[in-house]
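Just below is one structure, and these are the notes that go with it.
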Amino acid sequence: MNDHAKRYGTLVLLRHGQTRWSESGQYTGRTNIPLTDVGVQQARDAGARLRALFPNGFADGDVYCSDLRRAMTTAQEAGFASPTLTADLEEWDYGRAEGRTREELFAALGEEWDVWGQGPTALADHLAGERVEIFPDGQQITIINGPGESIEEAAARARRVIDRAIPALEAGRDVLCVAHAHILRILTTQWLGMEPRFGRHLKLDTAHICALSVYKGDHVIWKWNV
């Protein structure tokens with residue numbers, strides 16, 4: 001890492017570990033589903049990678065986490081017992097796409113739906129409502145298909161997280177955010193000063209790490225999806 005970036009802290013992003021829906025391809029926004037056993041181990045492994053990448057760790061108050069179960073479990077299993085929970089890091093609210101796969105949406109709509117281009121708020125009213133999915137272990141998950149959230153609303157939340165982190169970063173401290181794929185990709189676009197839909201080009205796998213910093217005065221991506 002260059003000298004300038006060392007003087008400015010690093011904004012570190014960690015996506016939560018595997019869930020049943022991350023494997024099935026169902027859109028997972030606000031539904032509070034747990035990690036799989038694989039996801040728990042992924043979170044522990046991510047904690048080890050974080051300690052190797054950032055041996056000085058993160059100060060109290062410099063770890064932020066979505067208040068959804070899969071993110072909180074990931075933070076805890078990665079070694080962060082008391083993160084600052086914030087709804088601003090919750091996943092993009094997919095609304096009527098929640099709990100559905102792209103194939104199911106195509107069957108319901110008769111055409112392809114593009115989450116980045118059209119957004120959740122464009123989905124048809126007949127997909128609204130509540131339903132229950134029963135997992136193989138018998139656990140019942142309530143799925144709420146509400147109006148959803150525009151990408152601009154999600155980006156505004158992401159900017160609030162960045163604003164909260166800036167004082168620590170300017171003081172040279174690293175800050176960790178544990179959250180979800182789409183909101184972290186959107187957050188990255190806001191760090192870079194780009195239009196939020198650019199996030200579609202930033203692939204982020206479960207329990208993988210990204211690092212954002214400053215290089216010669218510019219906001220940059222230092223590491224991605226490691």
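Heads up: numbering here begins at 1 and tracks the sequence.
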How is the hydrophobic cluster of [X] composed, in terms of its other members, when Ile, Leu, Val, Met, Phe, Trp and Tyr link through side-chain heavy atoms under 4.5 Å apart, directly or indirectly?
X      : answer
Leu123 : Tyr27, Trp92, Tyr94, Leu105, Leu109, Trp113, Val115, Trp116, Leu127, Ile151, Ile186
Leu68  : none
Met72  : Leu85

Run the side chain to side chain donor-acceptor pair (under 3.5 Å) test against Arg159 and tell me which residues pass, sequence neighbours left out. Gln190

Rounded distance (nearest 0.5 Å) linking atom OG1 of Thr188 with atom CG of Leu202: 6.0 Å

Of all residues at least two apart in sequence or in a different chain, which pass the side-chain contact (heavy atoms from CB on, under 4.5 Å) check with Ile166? Tyr8, Ile162, Leu169, Glu170, Trp191

Report the residues that fulfil side-chain contact (heavy atoms from CB on, under 4.5 Å) with Thr101, sequence neighbours left out, ordered by chain and then residue number. Gln26, Glu103, Glu104

Looking at [X] and [Y], would you say the former's side chain and the latter's main chain have a donor-acceptor pair under 3.5 Å?
X      : Y      : result
Thr73  : Arg69  : yes
Thr74  : Gly17  : yes
Arg15  : Leu204 : yes
Glu98  : Thr31  : yes
Asn145 : Gly95  : yes
Arg51  : Ala78  : yes
His208 : Thr206 : yes
Thr10  : Val12  : no

Nearest heavy-atom neighbours spanning Thr189 and Glu195: CB-O, 3.8 Å

Minimum heavy-atom separation for Arg157 to Ala87, with atom names? NH1-O, 3.5 Å

Kindly confirm or rule out a cation-pi arrangement of Arg20 over Phe135, judged by NZ or CZ under 6.0 Å from the six-membered ring centre and within 45° of its axis? yes

Check: Asp114 and Arg200 side chains under 4.5 Å, non-hydrogen atoms: yes

Using distance alone, with no hydrogens and no angle criterion, decide if Thr28 and Glu91 have a side-chain donor and acceptor under 3.5 Å apart. no

